[in-house]
Each structure stands twice: as structure tokens, then as C-alpha cells.
Protein chains: 2
Amino acid sequence: MARRKRLETNHQRVPVPTLERMATYLRLLSDLEAAKVHTVSSLEIEEQTGINAAQFRKDLSYFGEFGKPGVGYRVSDLHQRIAQILKIHREQPILLVGAGNLGSALVGYPGLREQRFVIAAVFDNNYAKIGRMLWDHEILDVNRMKEVNRQIGARIGIIAVPAGAAQEVAEMLVDAGVRAILNFAPTILRVPPSVVVRNVSFLQELAVLSYYIEQEEEPLSSPTPAASSTL
Amino acid sequence: MARRKRLETNHQRVPVPTLERMATYLRLLSDLEAAKVHTVSSLEIEEQTGINAAQFRKDLSYFGEFGKPGVGYRVSDLHQRIAQILKIHREQPILLVGAGNLGSALVGYPGLREQRFVIAAVFDNNYAKIGRMLWDHEILDVNRMKEVNRQIGARIGIIAVPAGAAQEVAEMLVDAGVRAILNFAPTILRVPPSVVVRNVSFLQELAVLSYYIEQEEEPLSSPTPAASSTL
DNA sequence: TAGATTGTTAATCGATTAACAATC
DNA sequence: TAGATTGTTAATCGATTAACAATC
């Protein structure tokens, strides 16, 4: 029912799966660059990622022309242009809310910097934590978020708080000017249509994996009724 | 090209998006149960999750009949049956590889237990870490994985190691009997077709979000244009 | 019974892939 | 030039949603 207004002005609406793959290509291209490979073809991309070559070319076609027929793609060019498309060619500041275990792991994750994401401020609502350090960040009071972000101008926020607090935090982030939220809490967030949310839920991922596990009739020691018929 | 043999025998092949949503329904149902709600209709599910009511009913239809026309679904029944479908109705042991920040956050995450996932063993290859404790787990030598898993019989493994080590770890997990892998490393894993992999890549998620950020012509000092037209 | 809501079929929509003319 | 590989159109596939008869 809800006819979502897409926030991008672009040429053509880019499918989300395409964007996800763009990030994959970017990573591969970094590796190739590091390996001093100068040129790739779409078929080589397919071999290395498992993503169909036509799919790759189609994905790129949403953004322009990138290759030379008969030759392929220059690795460094393509890398740079994709980085530009995803807007990670320059530093992107991020607000992190939640200074627990997960928050700590995120701040300490070196991969972020590699892709030019910078955690610019860390917030928590726990007075026992506020004022203490998380790595090289002082943990700030969540209530200072809006004020602090006037300086930073971050457009991306990460929610790493328990499910019960997530909705409230989302609203604070939006109020502070954030337009995109990465949500680690297992809750469905309600935000204005102009704000994009993506959820990272490893519980959900585990549940999906769990489904695929063959139900090996129990390492059944003795009789153990162990209802069998899976049907 | 690669015609993937699906490992499930089931009636009909269940779409992955359906499985992902099943996990969402499960979570919602837990909340409803806690709130002492006894019955839900598909329309109420739509209101609370944003997932189309027809979609919900279609999703369930892959697994059988769950509701009463004119009435709806009994929350507790539905919860239990979905848990059974996803095989999280009983404890599911997991092997965790990588005792770094991320691994630590995972072991310390209380949500896992709530969904009956149990991290049964933690491995690392760093001799400085092996033998030390991560929460209540002794960190074990990766090379003991196969041996240790003979006791545990875990079918699910989590990879929380740097990208460079991920492929090797994946192979060790498979060798140890794991059939499903949750991969946090930013690499594409190559595994036998009988093994399922799901990737959790928050860098990728951030990259996707980043794309959607309006490119506000730099916070260029004074006038603050504050670009409005979302169109 | 009348009203509500299911389960399922059919229609729609969108994403993936194959095929090929254009071009280096 | 001949061979390779692109960018794009058309064909296929699969997932989402609307519609409705069945049924509580």
C-alpha cells in the first residue's frame, strides 16, 4: 500500500541489489589493485565473485559506461568511479549510539577507515559510561547528540543499543540531522520516509542458516522417542 | 551458469526472502506473546512490520496452514511452529572462530541465548589468546576444531576473523562438520555446494546507505543552503 | 447468520540472464 | 583485420501483491 517516495533524483531508480553488489565490486577491485592487476573483464569478475557477467555489466549500466569493448575495465578507474558513486571517495562521518560490546567492536574495526568511514562521535545514555573513553573516543551523553552534530554534520548514524531503546535513539538521530541509519537492534524502526534504514541482524541470519541444517535424527543414544517424520 | 543444487528436500523450494521474513515474524510474535496478545490477523502483522498481509500469508503457505479464517492466528501456536520450522525450538550449538573484538561482542550478546543459539566453543590461531578466557569460554587452538566438534556436533559456524584468514577457516569448519557458515569477514567464501553461507557485512551496508545520502554541496561555511528539494 | 479473515490462484511487478550489434 | 568484450535490448525467471472463494 505505502507508496514509498524514493529519495534519489537519479536517472533511473537503482535497484537495491545492484547497490549491494556495487559494494562487492568495490572490494574486489581494491584487492585487484593491491595485486597489481590493471585490467578486468566482466567474465573475470564473474569467476571471482560468482556474480553473472551480464549482471555486472547491467549493474554498471545504471551509472554510465565504464569499459572498453574488446578490452575490459581499467581496475583503478573503475574502483575510483564506484567509490564516487557510493560516495565513499571522501571521509564520511558517522554517529555511533551505544557504547556496549558491539559499539566497542565497531569503533575498533579497522575496515571502517579503509572505506573512509569515520566514527566521529560515540553516545550512550548510561551515566556510568558517559565521560569514559571507548578507544580514542570520549563517550558522550545521548542528549548532546543534536548539539554535537551541528559541528560534525554527520548524515549516517549507527544504532548499537538494545532493542528497547532503538526506536527512541532513531528519533534522536533523525532530529540530529541523520538521513541514513544502520540498525543493529532487532527491531523494526519507524522513521520519516526521507530517512533510509538498513538492518544488520545476525540473529536473523542465524535463523535462516538454521533452517538449512539437515535435521540428523538426533545423535539418539537409547530409544529417545525423538519424533522423526519431518514431513 | 552454476546450477546450484539446493540442499533441502522440501515440498517446494522456499524463497530466501521468505525465510528472512519468517525470522522477523518470530521476533514479532515473541513481543506479542510478552505483551499477552493472544491472537493476530495478517493485517495486524502488516501494520506492525510493514510487510504486506498477503505476503505474510503467502510466506506461511510454504509451510502449511496456521490460521483460522475469520479469526486469525493464535500467537503462541504460530510462534512455536515457526520456531520449529527454523529449527530454533531446541538448542543449536555453534562454533565461533575469532576471539577478537567482534568475537567477544558475539559471545557476550544475550540475544543469542534467547533464540536458543549457544556458542559451544571459541577458537583462535593466536597463541597469545589460546588458553585465555573469553567471557566463560576458554579460547581453543583452531587446529583442535575437528577434534572438539566430534563432541559438540555443531552444524553452524561463525567466522569472525580478518578477511585474509576467512577462506582457510571456512575450510576448517567444513572439515569439522559444519554445514552452515555465518561469515563476518569481507570476503567471498568458496565452499562445497552442500554448505550454506550467509554474509554479514556492515561495511557493505554502510556503503549502500552512503549512496542514498544527498550530496549537500559541502557544508560550505556561511549561507548554509540547506538543500531542500527532495524530489 | 453476517462479518471477518484465511489460504491460494492469478496478475503484476521487478530483477536476472541470454543474446547480439556496436566497437575497441 | 579478426577476436574479444562491452553496453543494451529482449526473454526469462521469480517474487510480490491483489483478488476472491472457502470457511470459521
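Numbers restart at 1 for each chain; the letters A, B, ... are given by sequence-line order, proteins then strands. Any value given below was found using the heavy atoms of this structure, including those in side chains, with hydrogens, waters and symmetry copies removed. Given the structure is predicted, the values throughout are model-derived calculations rather than measurements.
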Chemist: Taking B:Leu173 as the fixed residue, which of B:Leu189, B:Ile159, B:Val191, B:Ile156 is the one that meets the side-chain contact (heavy atoms from CB on, under 4.5 Å) rule?
Modeler: B:Ile159
Chemist: Pairing check on C:dC13: which nucleotide meets the Watson-Crick or G-U wobble criteria with it, both distances under 3.5 Å?
Modeler: D:dG14
Chemist: Could you state the atom-to-atom distance from CD of A:Glu47 to C1' of D:dT5 in whole Å?
Modeler: 14 Å
Chemist: Are side-chain heavy atoms of B:Ser30 and B:Gln115 found at a separation under 4.5 Å?
Modeler: no
Chemist: Which listed nucleotide (C:dT6, C:dA22, D:dA18) is nearest to the side chain of B:Ser41?
Modeler: C:dT6
Chemist: Mind calculating the distance between NZ (A:Lys58) and P (C:dA18) to the nearest angstrom?
Modeler: 14 Å
Chemist: Indicate whether the side chain of B:Gln48 and that of B:Glu44 have a donor and an acceptor atom separated by less than 3.5 Å.
Modeler: no
Chemist: Whole angstrom is fine here: how far is it from CZ in B:Arg81 over to C1' in C:dG7?
Modeler: 13 Å
Chemist: Can you measure B:Tyr62 atom OH to C:dG7 atom P for me and round it to whole angstrom units?
Modeler: 15 Å
Chemist: Can you measure B:Asp59 atom CG to D:dT17 atom P for me and round it to whole angstrom units?
Modeler: 10 Å
Chemist: A:Leu43 has an atom CG; how far is it from atom P of C:dA18, in whole Å?
Modeler: 12 Å
Chemist: So which nucleotide does C:dT23 pair with, by the Watson-Crick or G-U wobble rule with both distances under 3.5 Å?
Modeler: D:dA4
Chemist: Does A:Glu171, at its CD atom, have more than 12 non-hydrogen atoms belonging to other residues, nucleotides or ligands within less than 6.0 Å?
Modeler: yes
Chemist: Of the nucleotides C:dT5, C:dG7, D:dT6, which has the atom closest to the A:Ser42 side chain?
Modeler: D:dT6
Chemist: Nearest to the side chain of B:Glu65, which nucleotide is it out of C:dC24, D:dA15, C:dT8?
Modeler: C:dT8
Chemist: Tell me which nucleotide among C:dC24, C:dT6, C:dT16 gets nearest to the side chain of A:Gln55.
Modeler: C:dT16
Chemist: Quick one: which of D:dT6, C:dC24, C:dA18 gets closest to the side chain of A:Asn52?
Modeler: C:dA18
Chemist: Rounded off to whole Å, could you give me the CD-to-C1' distance for the A:Glu44 and D:dA4 pair?
Modeler: 12 Å
Chemist: What's the closest nucleotide to the side chain of B:Pro69 if the choices are D:dT6, D:dA22, D:dT8?
Modeler: D:dA22
Chemist: By nearest heavy atom, map A:Arg21 and A:Gly70 onto DNA chain C; which one lands nearer the 5' end?
Modeler: A:Arg21
Chemist: Take the angle between the ring planes of B:Phe202 and A:Phe184 and call it parallel below 30°, perpendicular above 60°, tilted in between.
Modeler: perpendicular
Chemist: Indicate whether OP1 or OP2 belonging to D:dA4 is found under 4.0 Å from a side-chain N or O atom of A:Tyr73.
Modeler: no
Chemist: Roughly, in whole Å, what's the span from CZ in B:Arg57 to P in D:dT17?
Modeler: 12 Å
